[in-house]
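Since the structure is predicted, the reported quantities are computational estimates derived from the model, not experimental observations. Numbers restart at 1 for each chain; the letters A, B, ... are given by sequence-line order, proteins then strands.
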Amino acid sequence: MAQYYSDMVMEHFTNPRNVGELEDADGVGEIGNAKCGDIMKMYIKVKDGHISDVKFKTFGCGSAIATSSIATEMIKGKTIEEALKLSNKAVVEALGGLPPHKIHCSVLAEQSIKAAIADYYRRQGVDPTPLVGELHDPDEKICEL
Amino acid sequence: MDRFIYADNAATTRIYPEVLEKMMPFLTEQYGNPSSLYSFGQNARQAIDEARDTVAECMNCRFDEVFFTSGGSEADNWAIRMTAEALAKKGKKHIVSSVFEHHAVLHTLKALEKQGFEITLLPVYENGLVRVEDVRNAIRPDTSLVTIMFANNEIGTIQPIPEIGAVCREKGVLFHTDAVQAVGHIPVDFAGMNIDMLSMSAHKFHGPKGVGALLIRRGLRFPSLIEGGAQEKGRRAGTENTAGIVGLAHALKMTCSEMEKITPSLIERRDRLINGLLERVERSRLNGDPVKRLPGNLNISFEGVEGESLLLLLDDKGICASSGSACTSGSLDPSHVLLSIGLPHAIAHGSLRLTISGDTTDEDVDTLLEVIPPIINRLRSFSPVWEKITKGEHYE
């Protein structure tokens, strides 16, 4: 049967991994805006410099939910440095591609992970900017706020 | 997939088998060109003439007021562009319309605006209805045309067409209505509703795609949109879509004759869906007037969920529906219709449009009421927006 999204997007959309929140999270990051139709919220737990656990909550379209889901799988168990290297491009590739106007969802996933790590650093009393870089909301460019 | 519920009849409808049957000869052995002199061509000519008579009978217009087109969009473009062009020569360069028209109208108006025309778009208020007094107040000495849709495609609200038409007559201004969502679904009376031009599209009333009509009141002369031949009395060139035209007429005849019979049960099922969903799902609201709406249309917003993910999960359950969410449009802005009735963006993203038809059964309604609420709850369970709502935080 023909479908709009790739099989991988549909798989992660219908059976999202790591859904929910972490009560005792070490870092929480949120990117997006309800007005633009998507918000991603990432919760991370850090142990010995590794992302020991990760959960997400997402308000958004199918690809927003799928990118959040696969992104959590891609950073779980990885070091913070590795997690920071996760690019939106890698997320798109792992999903077997996204329709052109859905690429911003993958940027949301990348940025929400960076936002959670930035929050973790802040809680440790470390200035996150030199380590994480400037965060940006992709919706700001394409949605009239 | 074992279940299939088609609840997107505002997008398109199932072609009736009887309609296809009437069309088939003209797609196969009766392929003559209606403009040809020999009887093989004249057979097709006769079928088109009969179709024109049928349309005239169903719409209460004269047969020479019916002009077949490629569909509703062409009819809208033609009516608006050519009225604008013709009356601009008399110094009339102002057009009145509404903010929630179909894009076939709005984008045409935008193009005219760039060419120096002045456009006034009337508000539609929270109930999604144009006010007749607003039309009256908007008309100026240089107004050439008022174009207001008969029924809205997203929220189904039915506009006060005869009253708007009466104001236009009184003021000496032409009145066009995009009746694409209305024809075949509610009574539409061309001669009795003070309408000068009316657009319709066959596939919205169980006919084929790619064929529609513009009704033009007798005596109105304005230029053609498509030049190149003597078809449609020289006003719309191009070899006639004989099969499509025959199909349009037969579908119109069928839907208009069954309308009285199916409308009460359609309204009953629609209202059972509306009330059932509003009862079962907290923080949901009906968009558009509850009474002055198409018998088969319901449009509900669910706070804290996003429409596209809702549609995908419904599709997974074999249910075809539609949403005004941005994600379904390719931009990040939700439907202009939902914004026009004052819905905040965040709530407009969570809208669901179900448009049922005479095919929809009581069992389908039961299934929809059973399937939709758990899907909403599931999406809300991991929605950060819903989390904010339940905590009483601001989220828009």
Seminar exercise, completed: If one checks every heavy atom of A:E30 against chain B at 4.5 Å, the contacting part turns out to be side chain
Exercise. Hey, is CD on A:E23 packed in by over 12 heavy atoms from elsewhere, all under 6.0 Å?
Worked result: no
Exercise. Do NZ/NE/NH1/NH2 and the carboxylate oxygens of B:E370 and B:R280 come within less than 4.0 Å?
Worked result: no
Exercise. Crowded around A:E134 CD? As in, over 12 foreign heavy atoms under 6.0 Å?
Worked result: no
For this session: Heavy-atom distances under 4.5 Å only: say whether A:S68 touches chain B with side chain, backbone, both or neither.
Result: neither
Seminar exercise, completed: Applying a strict 4.5 Å limit to non-hydrogen atoms, the region of B:R378 in contact with chain A is side chain
Problem set entry | A:K114 side chain vs A:E110 backbone, donor-acceptor pair below 3.5 Å | no
